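Report on the following structure.
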Amino acid sequence: MRRSRALEEPPGGVLLWLIVALELLTFAMVFGVIAHQRTGSPQAFAEGQASLSLPMGLALTLALVTSGALAAQAVHHFREERRRSSRRWFLASAGVGAVFVVLKVVDSLNHLHAGHRLGTSDFWDAYWMGTGFHFLHVLVGLGLLLGVAARVDRAKFTDEETAVAGSALFWHMCDVAWFFLFPLFFAR
Amino acid sequence: MRLLSWLTLVALSIVSVAMGRLSVALMLGALKAALVGLEFMELRHAARVHAAAYMLFLGVVLVALELL
């Protein structure tokens, strides 16, 4: 599977880039809403941020960037026709992605037990909306990674670029969205 | 290059947490997003207009969030 510099052949395929572009635009609107709420309710944000764990935020970020790097490695191996090792990299990427999911679930349960629910304050409304929307994308991305890992060295894809590089592209979009969500909630 | 990108992303993430200021953290976030786009999303191997559009998007988001 060769890379192309052609305008009509972006890495990951046109379809996935259209989806990713629409998703990023939607995320951008979510960022705007969160930033607006942050400005409008500084007190609620200061109180909410005091309940967040910075080490947990960093661990979540590191899990995502590590998983993304492993997915990029998987695509690289696939492009070099090393399908078996590509499968292993995809599985490793999904494994580290699953660590993000577990950490996020644990973190969310801790917040719920502490009474930080939707409707508690503007901060928690924004937090659950922003991170929940992101989490749904992570689950879809994880499913795509596992789906590709299951088939990459066993089946022939109709459109390899979209199936393999496109799935990784969607996963990287989750990284990009998190890079803006993280400071909006964790930075003072 | 992918290993170097990952190490840079890890370092920038740690710096972002250590600095703690919103404007700096947003800038570092945009920088990380640019790195992921160019290296992991393979935009540096794509048509230049794709990379340019992606960078423009990041720039607009960054400026909008800094202004809000």
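Computed over heavy atoms, backbone and side chain alike; hydrogens, waters and symmetry mates excluded. Source: prediction; values computed, not measured. Proteins come first, then strands; the chains are lettered A, B, ... in the order of their sequence lines, and each starts at number 1.
Under the 4.5 Å side-chain heavy-atom criterion for grouping Ile, Leu, Val, Met, Phe, Trp and Tyr, A/L91 is not connected to A/L145 through any hydrophobic cluster. Connection of B/V60 to A/V20 is not established within any shared hydrophobic cluster, with ILVMFWY side chains joined at heavy-atom distances below 4.5 Å, either directly or through further cluster members. Linking ILVMFWY side-chain heavy atoms closer than 4.5 Å, directly or via other members, places B/L28 and A/F27 in two distinct hydrophobic clusters. Residues B/L62 and B/V24 are members of separate hydrophobic clusters, defined by side-chain heavy-atom contacts under 4.5 angstrom among Ile, Leu, Val, Met, Phe, Trp and Tyr. Residues A/V96 and A/F170 are members of separate hydrophobic clusters, defined by side-chain heavy-atom contacts under 4.5 angstrom among Ile, Leu, Val, Met, Phe, Trp and Tyr.
With a 4.5 angstrom heavy-atom cutoff, B/I14 touches chain A via backbone and side-chain atoms both. If you measure heavy-atom distances from B/A30 to chain A, the contacts under 4.5 Å come from both the backbone and the side chain. Neither the backbone nor the side chain of A/L70 has a heavy atom closer than 4.5 Å to any heavy atom of chain B. Residue A/W17 touches chain B through its side chain alone, counting heavy-atom pairs closer than 4.5 Å. If you measure heavy-atom distances from A/F182 to chain B, the contacts under 4.5 Å come from the side chain alone. Contact annotation for B/H45: both backbone and side-chain heavy atoms come within less than 4.5 Å of a heavy atom of chain A.
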Under the criterion side-chain contact (heavy atoms from CB on, under 4.5 Å), I'd like the reasoning laid out for A/F186 against B/V17: C-alpha separation, chi angles, the key distance, then a yes or no. CA-CA 8 Å; A/F186 284 82; B/V17 168; over 6 Å; no
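The number of heavy-atom neighbours closer than 6.0 Å to CZ of A/R188, taken from other residues, nucleotides and ligands shown, is above 12. Residue B/M19 places its CE atom among 12 or fewer non-hydrogen atoms of other residues, nucleotides or ligands, all under 6.0 Å distant. A/W89 CH2: 12 or fewer foreign heavy atoms inside a 6.0 Å radius.
Nearest heavy atom pair, residue B/A33 against residue A/V176, reads CB-CG1, 3.9 Å. Residues A/A72 and B/F40 approach most closely at CB-CD2, 3.6 Å, considering heavy atoms. Shortest non-hydrogen contact noted between A/P10 and B/H50 is CB-CE1, 3.7 Å. Residues A/A187 and B/R21 come closest through the heavy atom pair CB-C, 4.0 Å. When every heavy atom of B/L65 is checked against every heavy atom of A/G32, the shortest pair comes out as CD2-N, 4.1 Å. Here the closest heavy-atom approach between residue B/L22 and residue A/P183 is recorded as CD1-O, 3.3 Å.
Counting heavy-atom pairs closer than 4.5 Å to chain B, the top residue among A/T66, A/L62, A/L54, A/D175 is A/T66. Interface remark: of the candidates A/H76, A/E9, A/M173, A/H76 forms the most heavy-atom pairs closer than 4.5 Å to chain B.
Counting heavy atoms from C-beta on, the side chains of A/F179 and B/L58 never come closer than 4.5 Å.
Here B/E42 contributes atom CD and A/L169 contributes atom CG; the two are 9.0 Å apart, rounded to the nearest 0.5 Å. Annotation: the span from A/Q73 atom CD to B/R2 atom CZ amounts to 4.5 Å, rounded to 0.5 Å.
Inspection of non-hydrogen atoms places B/W6, B/L9, B/V10, B/S13 of residues 4-13 of chain B under 4.5 Å from chain A.
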